[in-house]
Colleague: 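Pasting in a structure now, in structure tokens, and then I'll have a few things to ask.
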Protein chains: 2
Amino acid sequence: MSIDQRMRADIAEAIFDQRLAPGTRLSEAGLGEIYGVSRTVVRKALFHLAADKLVDIRPNRGAIVWQPSPAEAHEVFTARRVLETSLLAESLPCMTPTDHAELDRILAADIAAHEAGDRQAMIRASGDFHRRLAAPANNSVLLAFLDELIGRSSLIVALYDTRDAAPCAHHDHAALLADIATGDVAPAQAALAAHLRDCQDRLVLDAPATETPALADLLRGPRRA
Amino acid sequence: MSIDQRMRADIAEAIFDQRLAPGTRLSEAGLGEIYGVSRTVVRKALFHLAADKLVDIRPNRGAIVWQPSPAEAHEVFTARRVLETSLLAESLPCMTPTDHAELDRILAADIAAHEAGDRQAMIRASGDFHRRLAAPANNSVLLAFLDELIGRSSLIVALYDTRDAAPCAHHDHAALLADIATGDVAPAQAALAAHLRDCQDRLVLDAPATETPALADLLRGPRRA
DNA sequence: GAAGGTCGTATTGTATCCAATCCGCCGGGC
DNA sequence: GCCCGGCGGATTGGATACAATACGACCTTC
């Protein structure tokens with residue numbers, strides 16, 4: 001694996017694992033020092049991460065870990081609901097026993113991670129579950145879109161879901177698998193949509209710690225009072 | 001607009017307009033010469049175009065205009081069908097009279113371009129039509145996905161749709177608007193899906209001119225005979 | 001004491017230079 | 001005559017050097 005791919009993987013993992021908080025500055029020189037490479041390859045990695053929407057490159061002001069606004073977080077989860085439910089309609093009829101077994105395996109890993117309190121493993125298992133759910137649809141273009149959304153979701157969960165609850169409750173996944181086993185599309189879609197809506201609703205979208213207080217409101221306060 | 005953005009826009013336009021055929025080599029030095037910039041900024045532009053899936057960067061072998069295989073072309077249109085039909089379900093209930101008027105306007109432009117035989121304007125109008133169709137859903141994430149697919153479709157149409165027929169027949173668009181006017185989601189979705197399927201079926205997916213003959217088959221021929 | 005301006009430092013943006021890789025060409029060998 | 005290997009030009013990959021921009025601290029002024 002090339003060095004810039006390793007950097008990308010490292011940074012993405014660090015973001016999902018909450019070691020790199022949204023808004024954290026990613027200086028080119030600093031990263032270059034860490035990995036022993038020049039800024040050229042660092043920029044390449046950062047640019048790629050920006051394409052994945054995990055970091056935000058502000059011209060002349062450096063790269064920071066993407067800091068989704070509540071509205072953006074909302075949009076990402078809405079997008080997932082739309083995309084994944086229609087993707088499920090494509091994939092469900094194509095599922096083989098192998099697919100079902102794989103989903104069971106991932107669910108088990110999810111539960112294990114939950115019991116172990118391993119947040120990173122939980123996020124990874126949840127992502128894998130949703131990826132696997134869509135995989136039988138066999139469309140790499142849509143799969144790539146889903147991949148991007150799952151990555152961004154992981155960041156959002158890391159930022160806004162501060163509770164102890166699992167990022168994606170495995171109970172929902174288990175119930176979803178039951179619906180899937182029947183082979184009926186509509187109930188499975190409904191279950192998936194409800195699950196994603198739950199994830200969305202669990203986010204604490206007001207008052208993220210890293211957001212700067214709204215200066216405009218502060219200034220307008222005195223006049224209003 | 002910065003110079004690398006201009007380069008990106010120029011190259012994308014040239015691709016859609018068939019001035020740059022799929023497979024065309026985009027050398028860094030050459031582009032740098034044309035725009036009077038160093039290879040650094042050229043690479044940046046090419047990298048961005050690669051993120052949009054319009055060019056393919058092959059390590060150590062330079063960048064070429066994306067040359068979709070028949071299978072990839074098929075996947076892109078299938079992805080559009082899945083994405084756009086579900087997007088339509090979101091956007092249709094949100095449409096305002098302004099949206100309907102805008103769709104009518106774009107359709108008129110499409111027809112005008114068709115009568116003028118302006119292929120570039122046709123492709124642009126068709127893209128705008130589909131974009132506008134999804135816009136009321138008001139989800140910038142999904143809109144961005146659609147944008148990427150529309151761009152890739154334009155390239156595919158330029159490569160595989162060699163007939164005189166419009167890349168996206170405006171008759172289909174007109175019929176679709178009639179369904180949309182009723183406000184019923186299901187018929188409109190069906191019309192949209194049928195339209196996209198038509199576009200897909202019209203592509204001449206066998207024997208693209210630029211594809212190299214399958215060497216493996218040629219070599220195996222004698223043994224078979 | 002607060003506001004505004006100016007300078008200094010740090011960081012990013014771009015150009016250029018050197019190294020590594022690839023591709024076509026040529027010659028030798030079978 | 002065909003295939004394989006080596007050589008040379010061309011092109012990309014990466015590192016460094018320089019220019020431009022932004023941010024923060026300090027100072028001046030009111």
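All values reported here derive from a predicted model rather than from experimental measurement. In what follows, every chain begins at residue 1, and chains take the letters A, B, ... in the order their sequences are listed.
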Colleague: Just the rounded figure in Å: distance from C1' of D/dT11 to CD1 of B/I64.
Modeller: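 Distance, rounded to whole Å: 15 Å.
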Colleague: Tell me the interatomic distance from A/M7, atom CE, to D/dG14, atom C1', rounded to whole angstroms.
Modeller: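 Rounding to the nearest Å, CE of A/M7 and C1' of D/dG14 are 13 Å apart.
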Colleague: What is the distance from CG of B/D4 to P of C/dA15, rounded to the nearest Å?
Modeller: 11 Å
Colleague: Run through DNA chain D and report every stem of 3 or more consecutive Watson-Crick or G-U pairs, distances under 3.5 Å, ordered by first number.
Modeller: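 Looking at DNA chain D, the stems formed by three or more consecutive pairs are C:1-30 with D:1-30.
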Colleague: Establish, with yes or no, whether the OP1 or OP2 oxygen of C/dT14 is under 4.0 angstrom from a side-chain nitrogen or oxygen of B/K44.
Modeller: yes
Colleague: Assess whether one donor atom and one acceptor atom, taken from the side chain of A/R39 and the base of C/dG13, lie less than 3.5 Å apart.
Modeller: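 Present.
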Colleague: Over how many whole Å does the gap from B/R61 atom CZ to C/dT21 atom P extend?
Modeller: 15 Å
Colleague: Look at the side-chain N and O atoms of A/T40 and state whether any lies under 4.0 Å from the OP1 or OP2 oxygen of D/dG14.
Modeller: no
Colleague: What is the distance from CZ of B/R58 to C1' of D/dT11, rounded to the nearest Å?
Modeller: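 To the nearest whole Å, that distance equals 11 Å.
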Colleague: Check for a donor-acceptor pair, side chain of A/T85 on one end and backbone N or O of A/R81 on the other, with a separation under 3.5 Å.
Modeller: yes
Colleague: How long is the line joining CG of B/L31 and C1' of C/dA15, in whole Å?
Modeller: 17 Å
Colleague: Mark yes or no for whether A/S91, through its side chain, and A/A135, through its backbone, hold a donor-acceptor pair below 3.5 Å.
Modeller: no
Colleague: Step by step, would you call B/H48 with B/D52 a side chain to side chain contact (heavy atoms under 4.5 Å, CB included)?
Modeller: CA-CA 6 Å; B/H48 213 122; B/D52 294 338; 4.1 Å; yes
Colleague: What residue among B/P70, B/P68, B/C199 forms side chain to side chain contact (heavy atoms under 4.5 Å, CB included) with B/I156?
Modeller: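 It is B/P68, the one option of B/P70, B/P68, B/C199 that forms the side chain to side chain contact (heavy atoms under 4.5 Å, CB included) with B/I156.
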Colleague: If we ignore hydrogens and angles and just use 3.5 Å, is the side chain of B/N139 paired with the main-chain N or O of A/E75 as donor and acceptor?
Modeller: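 Yes.
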Colleague: Considering only heavy atoms, which members of residues 46-55 of chain B lie under 4.0 Å from some atom of DNA chain C?
Modeller: none
Colleague: If you pin A/G36 and A/N60 to their nearest nucleotides in DNA chain D, which one's is more 5'?
Modeller: A/G36
Colleague: Would you mind reading off the distance between A/I3 atom CD1 and D/dA15 atom P, rounded to a whole angstrom?
Modeller: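 Spelled out: CD1 on A/I3 to P on D/dA15 is 10 Å.
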Colleague: Taking the six-membered ring for Trp, are B/H130 and B/H173 parallel (under 30°), tilted (30 to 60°) or perpendicular (over 60°)?
Modeller: perpendicular
Colleague: When you measure from the side chain of A/Q200 to the backbone N and O of A/H74, does any donor-acceptor pair fall under 3.5 Å?
Modeller: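 Yes, because the side chain of A/Q200 sits within donor-acceptor range (under 3.5 Å) of the backbone of A/H74.
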Colleague: Using a heavy-atom cut-off of 4.0 Å across all strands, would you classify B/S27 as base, sugar-phosphate, or nothing?
Modeller: sugar-phosphate
Colleague: C/dA10 C1' sits how many Å from A/E28 CD, rounded?
Modeller: 12 Å
Colleague: Side chain of B/R25, heavy atoms from C-beta onward: which of D/dT11, D/dG14, C/dT12 has the nearest atom to it?
Modeller: D/dT11
Colleague: Going by the salt bridge (Lys or Arg N to Asp or Glu O under 4.0 Å) test, which pairs reach into residues 131-142 of chain A, not counting sequence neighbours?
Modeller: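 As it turns out, the salt bridge (Lys or Arg N to Asp or Glu O under 4.0 Å) pairs with a partner in residues 131-142 of chain A, which skip direct neighbours, are A/D99-A/R132, A/D128-A/R131, A/R131-A/D147.
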Colleague: Does A/Y35 use its side chain to pair, donor to acceptor, with the backbone of A/V42 at less than 3.5 Å?
Modeller: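 Not at all, since once roles are kept as given, no pair shorter than 3.5 Å links the two residues.
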